[in-house]
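Contents: one structure, followed by commentary.
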Amino acid sequence: SNKTLTVTAEPYSFEFIPNQCALLIIDMQRDFLEPDGFGAMLGNDVGQLRRTLGPNQKLLAAWRTCGLQVIHTREGHRSDLSDLPLTKKIRGRGKMCIGDVGPMGRILVRGEPGHDIVPELYPLPGEPIIDKCGKGAFYATDLDAILTNYNIKQLIVTGVTTEVCVSTTVREANDRGYECLVLEDCVGSYFEKFQVAALDMIKAQGGIFGWVSQSDKVLDVLK
Ligand code: TIU
């Protein structure tokens, strides 16, 4: 059925249609969340992201129990790095860059241990995984086609990082006509001020890019 549930959110409530809504979990990869990965190599404290693991696990479990659509994304590149712009490779001027061998294999390269999704949120067979070379999940992927085929019109977006891949994806989704609800306890940034600002930007101006809420507000209506 196309039942509508009302989720308390900002700047106003989100009219949630479960069978037309996917849970889109962005880049919950070992390279971003574990101490030996790309995020840490950029100088970041991964502890800032790990607080999102518990809330995402709880939401994902409830989502699966309801039989709703879940889609996972991963940021990473082909092993020959042919999809890696030179500008992205050399960005940061660090000793290590994308494609180099780190403690969890080649950094942000598909098939390497660090590129994979953390065990806490590992996809089940049948849950699509979008491998993307950019920050946004729509750029150079088949995400839009998959959402169209599944008749998905709304996205509940979680994952990391709030101001980079989550924000970029929400903006891309918004331009394609999807309604996005971002859950603040399920998205994380290495920088507290960016976490706050990125969420403020989504819900400002009457919800210019979408809605912001917390996972317990969604869990309340799923039960
Ligand atoms: N997934 C994602 O956000 N990729 C990043 O590179 N994020 C940073 O914050 N660096």
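Counting starts at 1 for both ligands and their atoms, following the listed order.
When non-hydrogen atoms are compared, ligand 1 lies under 4.0 Å from the side chain of Asp27 (C-beta onward) but not from its backbone. Counting heavy atoms closer than 4.0 Å to ligand 1, residue Lys135 contributes side-chain atoms (C-beta onward) but none from N, CA, C or O.
Inclusion of Val160 in the set of residues having an N or O under 3.5 Å from an N or O of ligand 1 is warranted. At least one N/O-N/O distance between Thr161 and ligand 1 falls below 3.5 Å. Below 3.5 Å of separation, one finds an N or O of Glu75 facing an N or O of ligand 1.
Looking only at protein heavy atoms, the nearest one to atom 5 (C) of ligand 1 is Phe32 CE2, 3.5 Å. In terms of protein heavy-atom proximity, atom 10 (N) of ligand 1 is nearest to Leu42 CD1, 3.9 Å. Among all non-hydrogen protein atoms, the one lying nearest atom 2 (C) of ligand 1 is Cys165 SG, 2.7 Å.
Under a 4.0 Å N-O distance rule, the pair Lys193/Glu163 does not qualify as a salt bridge.
Gln154 and Gln20 share no donor-acceptor pair across their side chains, judged by distance under 3.5 Å alone. In this model, no donor atom of one side chain and acceptor atom of the other lie less than 3.5 Å apart for His77 and Lys89.
Among Leu181, Val7, Thr6, the one residue that satisfies the side-chain contact (heavy atoms from CB on, under 4.5 Å) test with Lys217 is Val7. Looking at Thr52, Ile156, Leu23 one by one, the single match for side-chain contact (heavy atoms from CB on, under 4.5 Å) with Leu183 turns out to be Ile156.
A ring-ring contact (aromatic ring centres under 6.0 Å, His included) check over residues 100-145, counting only residues at least two apart or in different chains, returns the pairs Phe138-Tyr178.
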